[in-house]
Amino acid sequence: GSLVRRTGRQGRGPGEFSSIHWLGQCLPDSVFVWDMAQGRMSVIDSGGTLDRSFPLPRSYLLACDQAGDVALVTWPAPPTMTVNQSVKLAGDLMLLDPTGRSTPPLMRVTILLHLPPLPPQHVPSMALSAGRIYIGQPPLFRLQLGKDVRWAYSDPERDRFIKELKAEAIRMIEELPPLRASTAGR
């Protein structure tokens, strides 16, 4: 393909962007652009002109449907690190209409992100369709042998860790000193 048009530029004013983190075709003739640094959603029409913008709470997950509704999970507090270098995010699930008016929070959502960053197929995602909100969290398995804790993000990885942990358990048993016969009761 070839470039059809450019719109916007670096900056903080209307139609300007600092840090684009998400965009989607949320109406048949418009693209919604989320600038996380400015906390703003800009709506660009099919001619490439800024139609409107509205404030957007700090969010982690965003999705929209063809009616222009936007679902998001807010990210109001600093994340907490877990022992296994994962980040736990807790925020509110909200729904906004095409003008940015929001409903009260629908529910509290907790999302686990794994560090270092995982491939895209292992990152939580969200979709909005026909008034339904779908949130997907990748498979996650916690395996532990003694103090050795491992997190698997897929069935094959889980199976490999189980095999490794079984081998480690056998090695630990083989290294135990031999048991002596008991003299109790003689």
Looking at every non-hydrogen atom in both residues, tell me the closest pair between [X] and [Y] and how far apart they are.
| X | Y | answer |
| --- | --- | --- |
| A152 | F161 | CB-CD1, 3.9 Å |
| D65 | G131 | OD2-N, 4.4 Å |
| L27 | Q25 | O-CG, 3.2 Å |

Exercise for review: Show the numbers, then the answer: is there a side chain to side chain contact (heavy atoms under 4.5 Å, CB included) between S102 and F54?
Suggested key: CA-CA 11 Å; S102 69; F54 51 88; over 6 Å; no
Just how far is it from atom [atom1] of [X] to atom [atom2] of [Y], taken to the nearest 0.5 Å?
| X | Y | atom1 | atom2 | result |
| --- | --- | --- | --- | --- |
| L165 | L145 | CG | CG | 5.5 Å |
| I133 | L95 | CD1 | CG | 5.0 Å |
| Q10 | F17 | CD | CZ | 10.5 Å |

Practice item. Answer yes or no: are there more than 12 heavy-atom neighbours, outside L3 itself, under 6.0 Å from its atom CG? Key: yes
Check your understanding: Is atom CZ of R171 surrounded by more than 12 heavy atoms (other residues, nucleotides or ligands) closer than 6.0 Å?
Key ->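 Above 12, so yes.
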When you measure from the side chain of [X] to the backbone N and O of [Y], does any donor-acceptor pair fall under 3.5 Å?
| X | Y | answer |
| --- | --- | --- |
| D35 | S18 | yes |
| R150 | I162 | no |
| S42 | G15 | no |
| D97 | T99 | yes |
| E16 | R12 | yes |
| Q38 | G13 | no |
| Q144 | G146 | yes |

Exercise for review: Could you walk me through whether W22 and S59 pass the side chain to side chain contact (heavy atoms under 4.5 Å, CB included) test, one step at a time?
Suggested key: CA-CA 11 Å; W22 179 91; S59 308; over 6 Å; no
Could you see if [X] belongs to whatever hydrophobic cluster contains [Y]? Use Ile, Leu, Val, Met, Phe, Trp, Tyr and a side-chain cutoff under 4.5 Å.
| X | Y | result |
| --- | --- | --- |
| M36 | M94 | yes |
| W75 | L56 | yes |
| I44 | W34 | no |
| I135 | L106 | yes |
| V33 | L61 | no |

Exercise for review: Would you mind telling me which of L128, L96, V73, L72 makes a side-chain contact (heavy atoms from CB on, under 4.5 Å) with L62?
Suggested key: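 The single option meeting the side-chain contact (heavy atoms from CB on, under 4.5 Å) with L62 is L72.
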Practice item. Output yes when E157 and R160 qualify as a salt bridge under the 4.0 Å nitrogen-oxygen rule, no when they do not. Key: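 A salt bridge links E157 with R160.
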**Study point:** D92/R108 under side chain to side chain contact (heavy atoms under 4.5 Å, CB included): CA gap, chis, key distance, verdict
**Key:** CA-CA 5 Å; D92 293 323; R108 191 81 172 153; 3.2 Å; yes
Practice item. Begin from the C-alpha positions of V70 and C64 and carry the test side chain to side chain contact (heavy atoms under 4.5 Å, CB included) through to its verdict. Key: CA-CA 4 Å; V70 176; C64 69; 4.2 Å; yes
